[in-house]
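Notes follow once the structure below has been shown.
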Amino acid sequence: MATIEVRFYEELNDFLPAYRRKIGFTHTFCGRVSVKDLIESLGVPHTEVDLILVHGQSVDFSYLVQDADRISVYPVFEALDISPILRLRPKPLRVTRFVADIHLGKLARLLRLLGFDSLYRNDYTDDTLAEISSTEGRILLTRDSGLLKRRVMTHGYWIRRREPQEQLREVVLRFDLARSVAPFSRCLDCNGLLEEVAKEEVLDRLQPSTRRDFREFWLCRGCSKVYWKGSHYQRMRDRISWILGDHANTIEILPPRSE
């Protein structure tokens, strides 16, 4: 029987029972245990971890835990360069892309509103989600922390909030996305990119009032949905401004709405 001391930092405490949060606590185990398996046995998915220190020295997930080890576990640092020590995540994703689980359809739609490539279908199985995340290099967003413990997973995040706009703000802050947004550049329905088109190209698909009142139009080349700056546009701008906070004034907000 071996005894160790473990402490989890920052948002990793969300996965722990209250009596273990933000403190060092003792833990006992038997046999040969990797630090990755130890961390997940305590409830924390490995995809949420970016740095592990044992007696102050960085180790990787394969490290075999020893009796009397003092282990410190830190979350993913998206905005902090810790390259001089052993960062556990593969190279950061240069293009931030997401895939969302069955519970996060509204969040996926809001991420698309900000211009982020976000896959979602309500029939994706857990196996499909894990495969898409792994093979396409997408960050898996989920409300199921168990899904993030799969061996194949490398990039994932457990959504804490329940209300979609709060979830979006959480993701923007978590991954430091405020300066990377491109609002209204993706189709909210299919995730395709929008392209500005001449009014004549979509004229036969517009209602008489829309033909009369608007000149600029955007077309989704994926599903052929037409967008323009209609009555919902200002409300959507206001929503984006609330989500981005102090960064809102630095963002160029382009199109539109659709019917």
* Does a side-chain N-to-carboxylate-O contact under 4.0 Å join Arg150 and Asp127? -> yes
* What is the minimum heavy-atom distance between Leu107 and Pro164, and which atoms define it? -> CD1-O, 4.3 Å
* To do: Could you check whether the rings of Trp228 and Phe214 sit parallel, tilted or perpendicular, using 30° and 60° as the cut-offs?
  => tilted
* If you measure from the Lys or Arg side-chain nitrogens to the Asp or Glu carboxylate oxygens, is any gap between Glu11 and Arg160 under 4.0 Å? -> no
* Asked: Side chains of Ser62 and Asp60: do they bring a donor and an acceptor to under 3.5 Å?
  -> yes
* Structure fact -> Smallest heavy-atom separation, Arg205 atom then Leu219 atom, equals NH1-CD1, 3.6 Å
* Looking only at heavy atoms, what is the nearest atom pair of Ala130 and Val152, with distance? -> CB-CG1, 3.9 Å
* Under 4.5 Å between any side-chain heavy atoms of Tyr157 and Thr47, yes or no? -> no
* For Arg121, look at atom CZ and say whether over 12 heavy atoms of other residues, nucleotides or ligands are found less than 6.0 Å away. => no
* Over all heavy atoms of both residues, which pair between Asp144 and Asp101 is shortest? Give the atoms and the distance, please. => N-OD2, 4.0 Å
* What residues, two or more places apart in sequence or in another chain, satisfy side-chain hydrogen bond (donor to acceptor under 3.5 Å, both in side chains) together with Glu10? -> none
* Take atom NZ in Lys199; do more than 12 heavy atoms of anything else shown fall under 6.0 Å from it? -> yes
* Find out whether Val73 and Val44 are in side-chain contact, i.e. whether some heavy atom of one side chain is under 4.5 Å from a heavy atom of the other. => no
* Asked: For the ring pair Trp158 and Phe15, is the centre-to-centre distance below 6.0 Å?
  -> yes
* Asked: For Arg161, does the CZ atom have more than 12 heavy-atom neighbours from other residues, nucleotides or ligands under 6.0 Å away?
  -> no
Side-chain polar contacts of residues 108-117 - donor-acceptor pairs under 3.5 angstrom, sequence neighbours left out - could you list them?
{"residue": "Arg109", "atom": "NH1", "partner": "Leu188", "partner atom": "O", "Å": "3.4"}
{"residue": "Arg109", "atom": "NH1", "partner": "Asp189", "partner atom": "OD1", "Å": "2.6"}
{"residue": "Arg112", "atom": "NE", "partner": "Ser118", "partner atom": "O", "Å": "2.9"}
{"residue": "Arg112", "atom": "NH1", "partner": "Leu188", "partner atom": "O", "Å": "3.0"}
{"residue": "Arg112", "atom": "NH1", "partner": "Asp189", "partner atom": "O", "Å": "3.0"}
{"residue": "Arg112", "atom": "NH2", "partner": "Ser118", "partner atom": "O", "Å": "2.9"}
{"residue": "Asp117", "atom": "OD1", "partner": "Arg138", "partner atom": "NH1", "Å": "3.0"}
{"residue": "Asp117", "atom": "OD1", "partner": "Arg138", "partner atom": "NH2", "Å": "3.2"}
{"residue": "Asp117", "atom": "OD1", "partner": "Asn191", "partner atom": "ND2", "Å": "2.6"}
{"residue": "Asp117", "atom": "OD2", "partner": "Arg138", "partner atom": "NH2", "Å": "3.2"}

* Asked: What is the minimum heavy-atom distance between Glu40 and Lys149, and which atoms define it?
  -> OE2-CA, 3.2 Å
* **Tyr63/Ile52 under side chain to side chain contact (heavy atoms under 4.5 Å, CB included): CA gap, chis, key distance, verdict** => CA-CA 10 Å; Tyr63 172 81; Ile52 303 170; over 6 Å; no
